[in-house]
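Residue numbers start from 1 in every chain, and the chains themselves are labelled A, B, ... in the order their sequence lines are given, proteins ahead of strands. These figures come from a predicted structure and were not determined experimentally. Just so you know, these numbers use all the heavy atoms, side chains as well, and skip hydrogens, waters and symmetry mates.
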2 protein chains.
Amino acid sequence: MAARDYGQYCGVTQALELVGERWALLIVRDLLVGPRRYSELASGLHRIPSNILAARLKELQAAGVIRRIPRSRVIVYELTAYGRELEPIVLGLSAWGFKAMDSPRPEQIVTPDSMTISLRTAFRPDAAAALPPTSYTGSFGPAQLHIAVDGPALGVQRGGGPADLVFASDAQIRTLLTGELDSVRVLSGDPRLLDRFAATFRLAA
Amino acid sequence: MAARDYGQYCGVTQALELVGERWALLIVRDLLVGPRRYSELASGLHRIPSNILAARLKELQAAGVIRRIPRSRVIVYELTAYGRELEPIVLGLSAWGFKAMDSPRPEQIVTPDSMTISLRTAFRPDAAAALPPTSYTGSFGPAQLHIAVDGPALGVQRGGGPADLVFASDAQIRTLLTGELDSVRVLSGDPRLLDRFAATFRLAA
DNA sequence: CGGGATCCCTTAGGATACTG
DNA sequence: CAGTATCCTAAGGGATCCCG
């Protein structure tokens, strides 16, 4: 509830008062993938202190960005319609941030939700629309995702499963998304589908 | 130089490590309007402590977002090309934040730079392209701006000067940009140009 | 066990004064 | 004008504990 304010009447300051606190936009990032429970958020944001997560969830609720929903036995948090409007901003930050990144440092982790957002950031609907529907199962370090591309539509689900191409990339997301696919190990499927993947997902280097 | 990190290999966390600290994006906001000196930034962000401004400027330089330029006698800060790529994100936050705003509280100020960004946020190039070139001089509380609309191009300059329409709006930016123009006082020019202004600049309510 | 609340300590941020 | 220096408060970090 702190919301220390900037003393200006401006959309940018207002936005930063709502979602500019530390960790807030990362909670939004993960909720953009889908509703999440407290413990799921805590593990996806593994370094967030528990008191801070609780505080942010309250602030984001008060701001009308998220909603707390008791579902039989468990509680989930989900974005409101207003919160979902942050998607282009979060994806914009994702694309912008990637340009400043080099190789992952050893202590840096990749979570399924952050990887999902990275894939959405890199997804090129125009390129995909020109290609046949294709499914991929990728292991990005510990995060395994099932990726379904059908025309300009992208679906990403946690977990593996059969797919046209199954590959593992050992957390080298960056090389994966910049088109350097040397380090990728193909586990099943036609290796030439890797080129299709590279045409479908692309981040500027 | 703190750049407390989130421990994740993700574009969003990387972006937030570069520009997610308090005040950082507001410095970027003002520099999007043009190069600014230390004292200009300090007065545009009137509540920022001097030590924090100095710290942020160093961090943003180290991040490659801004550049420090000694110009005969004075020093100015300007965005790098990489920093300028934040424009759509800042404008996105501006539009998103406006939706959560109500009337300005008495202690909230409007600065020329923040007002310029608000106008850029509200500018509708498509609507403007269909209208004849028009110039406006508006007083938004203490901030006076000269606004030149020529087809899909928008130019905003500090200060007044002759224009097709001169008006004053007493800090009621919100009503101005949501189309409620009752409170606007026309000082010179054809009052019907107010409707043209309303068609050119529009924020969702 | 999920969903927090509490405690203590560290550090960033705020207010103000001062200097090259 | 363009910053440092200082002091103090409040937010963040880390661990633990609690409750339904």
Side-chain angles (χ1 to χ4, degrees), chain A residues 1-8 13 16-27 30-31 34-63 66-78 107-109 113, chain B residues 1-8 13 16-28 30-31 34-63 66-78 107-109:
Chain A
M1 268 306 199
R4 301 168 285 170
D5 92 29
Y6 290 102
Q8 302 195 357
T13 53
L16 293 177
E17 285 163 14
L18 297 181
V19 296
E21 299 284 324
R22 192 162 161 76
W23 296 106
L25 273 179
L26 296 179
I27 294 172
D30 286 3
L31 292 182
R36 291 287 179 266
R37 301 157 58 159
Y38 187 94
S39 53
E40 293 174 320
L41 291 170
S43 67
L45 276 32
H46 70 297
R47 304 229 304 224
I48 195 174
S50 171
N51 56 343
I52 299 296
L53 176 55
R56 290 292 170 274
L57 289 173
K58 283 184 185 139
E59 293 160 10
L60 290 172
Q61 276 178 83
I66 69 173
R67 189 183 298 125
R68 181 184 197 267
I69 301 181
R71 268 189 196 164
S72 59
R73 308 296 303 165
V74 298
I75 291 165
V76 299
Y77 296 90
E78 66 175 24
E107 79 279 11
Q108 290 186 311
I109 68 163
D113 287 346
Chain B
M1 268 312 198
R4 301 168 284 169
D5 93 29
Y6 290 102
Q8 302 195 358
T13 54
L16 293 177
E17 285 163 14
L18 297 182
V19 296
E21 300 285 323
R22 192 162 162 74
W23 296 106
L25 273 180
L26 296 179
I27 294 171
V28 171
D30 285 3
L31 293 181
R36 291 288 179 267
R37 300 157 61 161
Y38 186 94
S39 53
E40 292 174 320
L41 291 170
S43 67
L45 276 33
H46 69 297
R47 304 230 305 224
I48 196 175
S50 175
N51 56 343
I52 300 296
L53 176 55
R56 290 293 170 273
L57 289 173
K58 282 185 186 139
E59 293 160 9
L60 290 171
Q61 276 179 81
I66 69 174
R67 190 183 297 125
R68 182 184 195 267
I69 302 180
R71 271 189 195 165
S72 60
R73 307 298 303 164
V74 298
I75 291 165
V76 299
Y77 295 89
E78 65 176 24
E107 80 279 10
Q108 291 186 311
I109 66 164

Any idea which of C/dA12, C/dA15, D/dG12 is nearest the B/E21 side chain?
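Given the options C/dA12, C/dA15, D/dG12, the side chain of B/E21 is closest to C/dA12.
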
At under 4.0 Å between heavy atoms, how does the protein contact nucleotides 3-9 of chain D? Give one character per nucleotide, 5' to 3', with B, S or -.
BBBB---

Please name the pair of heavy atoms, one in [X] and one in [Y], separated by the smallest distance, quoted to 0.1 Å.
X: B/A63; Y: B/L18; result: CB-CD2, 3.6 Å
X: A/L41; Y: A/Y77; result: CD1-CD1, 4.4 Å
X: A/E17; Y: A/G7; result: OE2-N, 4.4 Å
X: B/L60; Y: B/V19; result: CD2-CG1, 4.0 Å
X: A/Q108; Y: B/Q8; result: NE2-O, 3.3 Å
X: A/E21; Y: A/R4; result: OE1-NH2, 3.3 Å

Are OP1 or OP2 of [N] and a side-chain N or O of [X] less than 4.0 angstrom apart?
X: A/S39; N: C/dG2; result: no
X: B/W23; N: C/dA12; result: no
X: B/R22; N: D/dA11; result: no
X: B/R56; N: C/dG13; result: yes

Atom-to-atom span, [atom1] of [X] to [atom2] of [N] - whole angstrom:
X: B/L26; N: C/dG13; atom1: CG; atom2: P; result: 13 Å
X: A/I66; N: C/dG3; atom1: CD1; atom2: P; result: 13 Å
X: B/R47; N: C/dT16; atom1: CZ; atom2: P; result: 12 Å
X: A/D5; N: D/dA11; atom1: CG; atom2: P; result: 13 Å
X: A/Q61; N: C/dG4; atom1: CD; atom2: C1'; result: 13 Å
X: B/H46; N: C/dT16; atom1: NE2; atom2: C1'; result: 16 Å
X: A/R71; N: C/dG3; atom1: CZ; atom2: P; result: 12 Å
X: A/R4; N: C/dA15; atom1: CZ; atom2: C1'; result: 15 Å

All pairs passing salt bridge (charged side-chain N to carboxylate O under 4.0 Å, His left out) where residues 37-48 of chain A contributes a residue, at least two apart:
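For residues 37-48 of chain A: A/R47-B/D5.
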
Do any pairs count as a salt bridge (charged side-chain N to carboxylate O under 4.0 Å, His left out) and have a residue in residues 67-77 of chain B, sequence neighbours left out, and if so which ones?
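The answer is B/R67-B/E78.
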
Ring pair (Phe, Tyr, Trp, His ring centres under 6.0 Å) partners for B/Y6, two or more places apart:
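Residues passing ring pair (Phe, Tyr, Trp, His ring centres under 6.0 Å) with B/Y6: A/W23.
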
Who pairs with A/R36 by salt bridge (charged side-chain N to carboxylate O under 4.0 Å, His left out), at least two apart in sequence or on another chain?
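Once residues adjacent in sequence are excluded, the partners of A/R36 under the salt bridge (charged side-chain N to carboxylate O under 4.0 Å, His left out) criterion are A/D113.
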
Who passes side-chain contact (heavy atoms from CB on, under 4.5 Å) against B/A42, sequence neighbours left out?
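B/A42 satisfies side-chain contact (heavy atoms from CB on, under 4.5 Å) with B/L53 once adjacent residues are dropped.
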
Taking any heavy-atom pair under 4.0 Å as a contact, classify A/R73: base, sugar-phosphate, or nothing.
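Result for A/R73 = nothing.
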
Which dot-bracket string fits DNA chain C when only Watson-Crick or G-U wobble pairs with both atom distances under 3.5 Å count, crossing pairs get [ ], and | stands for a partner on a different strand?
|||||||||||||||||||.

What nitrogen or oxygen pairs link the protein and nucleotides 18-20 of chain D at under 3.5 Å?
none

B/S50: partners by side chain to side chain donor-acceptor pair (under 3.5 Å), with sequence neighbours left out
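Only B/Y38 meet the side chain to side chain donor-acceptor pair (under 3.5 Å) criterion with B/S50.
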
